[in-house]
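Sequence positions, counted from 1, serve as the residue numbers for this chain. Atoms considered below: every heavy atom in the structure, side chains included; atoms not considered: hydrogens, waters and symmetry mates. This is a predicted model, so every value here is computed, not measured.
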Amino acid sequence: MGDSSGDSVSIDIDLIPLGGKECIVKTSKGSVSVLVCGDQEKPALITYPDVALNYVSCFQGLLFCPDAASLLLHNFCIYHIDAPGHELGADVISSDEPLLCVDDLADQVAEVLDFFGLREVLCLGVTAGAYILTLFAMKYKERVLGLILVSPICKRPSWTEWLYNKVLMNLLYFYGMCGLLKECLLQRYFSKELRCIVQEEESDVILTCRRLLDERQSLNVIRFLQAINERHDLTEGLMNLKCKTLIFAGESSPFHAESVYLSTKMNHKIVALVEVQACGSLVTEEHPNSMIVPIERFLMGFGYHRQQHFASSSSNGSNPASPTSNNHSCIAPELLSPQGLGIKLKPIRTRVDVEI
């Protein structure tokens, strides 16, 4: 762990119920909450959630899947970075604190890595969080080994989205996390199939998300939403990205077309697109099982494998090898090719059908 005596960052650690350590890291752009899960000697995977979500409401569905745990928690120490003021129990950010733009948020990620002494990382982000991590990968190319992007965005907001976000910000300012506002956010996150269940109770996923949204500080959400609403177009820089990238796009996501567009603007040799049927933007919560096999194939290219049930990696006291170490498994490049990810019909496209 980094030294907290520096001028730019400091840390306060509390044990939390999920078994990780919550760290409040003070950066030059303000404080940011980071939940550290796992052995910090392992390679690092950082996550960044969507607007109004945090690590619990955005990633617990995926990480609570046993197969995902045996793959991700076995191989990585996961650093869940929340947008400023989105962590559990957050106070309202003082009005004296300057508003952060998307570049500030990307730079803040770099400072978090500096604090923990992380040189290279894999990244997992959802929608707005995927945008921040993509921008981070553009600004700090040498620090990103790979990107896993869920329903990512990359363009400037359309006039429709810009105006819609302005309405959301006004609702947040005047009425807080009211019922109408929550419905708007649920439409952003989840498919109509999940939200509109006739003659049945709402799913546990929806009920949990509603409850967690009640815990958000409205003024803090406005800050993040405003930054995303003023984002700039990343299209020109996408082709220059060198890191391998796996993109998940829920077919019912309002950002589906933009996620597909992003995949077409990257080098086709390093990107694969997985479209998930009957799913909104928040694939990590709505259909997390659909992500496991593509992620497993993707990580094989870095020398990472799922934990074996009959062979313990701790038998010799060792941790999974860093992808840059000399002794990691050599995986044939074709395993990371579109064909290796089970892709058919189009060069960088596959489709996961999910039973409703």
Is there a donor-acceptor contact under 3.5 Å linking the side chains of [X] and [Y]?
X	Y	answer
N170	Y175	no
S70	D67	no
Y189	T127	no
H256	E275	yes

Point-to-point distance, once rounded to the nearest 0.5 Å, from [atom1] of [X] to [atom2] of [Y]:
X	Y	atom1	atom2	result
L238	C154	CG	SG	5.5 Å
L35	Y79	CG	OH	11.0 Å
L147	F136	CG	CZ	9.5 Å
Y48	T134	OH	OG1	12.5 Å
I148	T47	CD1	OG1	11.0 Å
L53	L185	CG	CG	8.0 Å

Worksheet item: What orientation do Y55 and H80 show, parallel under 30°, tilted 30 to 60°, or perpendicular over 60°?
Response: parallel

Side-chain donor or acceptor of [X] paired with backbone N/O of [Y] under 3.5 Å:
X	Y	answer
K182	D214	no
E87	D82	no
S218	Y173	no
K42	H74	yes
T245	C243	yes
N165	W162	no
R211	L207	no
S281	R188	yes
N220	P84	no
E285	Q60	yes

Least distance between heavy atoms, [X] atom then [Y] atom:
X	Y	result
V36	C77	CG1-SG, 3.6 Å
K139	A106	CD-CB, 4.3 Å
H287	S290	O-OG, 2.6 Å
P288	E286	CD-C, 3.5 Å
C184	L168	CB-CD2, 3.6 Å
M291	V283	CG-CG1, 3.7 Å

Greater than 12 external heavy atoms within 6.0 Å of [X]'s [atom1]:
X	atom1	value
E236	CD	no
D204	CG	no
R156	CZ	no

Decide yes or no for [X] and [Y]: does some side-chain heavy atom of the first lie under 4.5 Å from some side-chain heavy atom of the second?
X	Y	answer
I292	R306	yes
K265	M239	no
V274	F298	no
I228	R231	yes
C58	L282	yes
K155	E161	no
L122	F302	yes
F115	V34	no

Worksheet, complete the sentence: When H232, Q108, K29 are each screened for side-chain hydrogen bond (donor to acceptor under 3.5 Å, both in side chains) with D103, the one that passes is H232

Worksheet item: Do the charged groups of K26 and E111 touch, with an N to O distance under 4.0 Å?
Response: no

